[in-house]
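We name chains A, B, ... by the order of the sequence lines, and we start the count at 1 in each one. All of these numbers come straight from a predicted model, not from anything done at the bench.
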Amino acid sequence: MDRQSLEASLGEATRAARALLGCTLVRTTPAGLRRARIVETEAYPAGDPACHAFRGETRRNRSLFARRGHIYVYRIHRSVCLNVATGRPGYGEGVLIRAVEPVEGVDLMERARTRASVGRQMPSGVNLTNGPGKLCQALDIELELDGFDLLAARDGAPLRVLPRRLAPPIVATPRIGISVAKNELLRFVIRDSAWASR
DNA sequence: ACGGAGATGGACT
DNA sequence: GTCCATCTCCGTT
């Protein structure tokens, strides 16, 4: 099977996970503006047992079934994770954003991470955003943003994604932290990025 | 009402 | 590598 038909069989999520690499997340809060480049993603296609939508739609995973571009934000232990839905309505699938590279508003990110890490070592450098929970802390992404439509967002919206100029070099690896479908190459990283999680 | 699981992060050995 | 903090949702009672 060639790569195109393989990706087609895995759904839109895989293409989107690659396409999001190099794009810029723009976060606007009363505190100011933060920008960060996406350097690591994971695809969770429809029909994948590791996908939160695998067992059908529930109140929690509702946003994964929304139209392409809606975000699915959920809590895991003490962390919050950010996903972008990629399917047509009724197809639960999406992309987990696993790491970003700070571009603007680093001071705000440091403050947000420090606030969320009271009593622990102050996060800095790559440690600011090199994990799915860390980037949500740094960008103040909370559960309230669950269901927000990224693609309808305009200038000044709480969260936007801006297209990249050039397609970056990409490395595919197995996904991290899951208990099923561990061997699928559905984690995508910008090659040699220092800002990836591992 | 209750128990368990979870796409994690941080501290520590 | 190991441990565990601490929360939400979900399936079952």
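- Taking atom CZ of residue A/Phe54 and atom C1' of nucleotide C/dC9, one finds them 19 Å apart after rounding to whole Å.
- A/Arg175 comes within 4.0 angstrom of nothing in the nucleic acid, heavy atoms only.
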Practice task
Mind running salt bridge (charged side-chain N to carboxylate O under 4.0 Å, His left out) on A/Arg113 and A/Glu110 for me, showing each step along the way?
Solution key: CA-CA 5 Å; A/Arg113 289 275 288 127; A/Glu110 285 175 342; over 6 Å; no

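- At the heavy-atom level, A/Arg113 lies under 4.0 Å from the strands shown only through sugar-phosphate atoms.
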Completion exercise
Note, DNA chain B 5' to 3' with Watson-Crick or G-U pairs under 3.5 Å encoded as ( ), [ ], | and . gives ||||||.|||||.

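- For the pair A/Ala153 and A/Arg160, the tightest heavy-atom approach, listed with the atom from each and the gap, is CB-CG, 3.6 Å.
- Between the side chain of A/Asn83 and the backbone N or O of A/Gly94, no donor-acceptor pair lies under 3.5 Å.
- Put simply, A/Arg78 has no side-chain N or O that comes within less than 4.0 Å of OP1 or OP2 on B/dA11.
- Checked against A/Glu104 for a salt bridge (charged side-chain N to carboxylate O under 4.0 Å, His left out), the options A/Arg34, A/Arg27, A/Arg37, A/Arg35 give a single hit: A/Arg35.
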Fill in the blank from the handout: Its contact letters, B for base, S for sugar-phosphate only and - for none at protein heavy atoms under 4.0 Å, make nucleotides 1-7 of chain B read -----BB

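- Here the side chain of A/Ser79 is nearest to one of B/dG9, B/dG10, C/dG11, namely B/dG9.
- Between the NZ atom of A/Lys134 and the C1' atom of B/dA11 there is a distance of 12 Å, given to the nearest Å.
- Counting only residues at least two apart or in different chains, salt bridge (Lys or Arg N to Asp or Glu O under 4.0 Å) contacts with residues 48-66 of chain A comprise A/Asp48-A/Arg175.
- With hydrogens and angles ignored, the 3.5 Å screen pairs a side-chain donor or acceptor of A/Asn61 with a backbone N or O of A/Thr58.
- Here the shortest heavy-atom pairing between A/Ile178 and A/Val180 reads CD1-O, 3.2 Å.
- Residue A/Glu42 comes nearest to A/Ile176 through the heavy atom pair OE2-N, 2.9 Å, listed as atom of the first residue, atom of the second, then distance.
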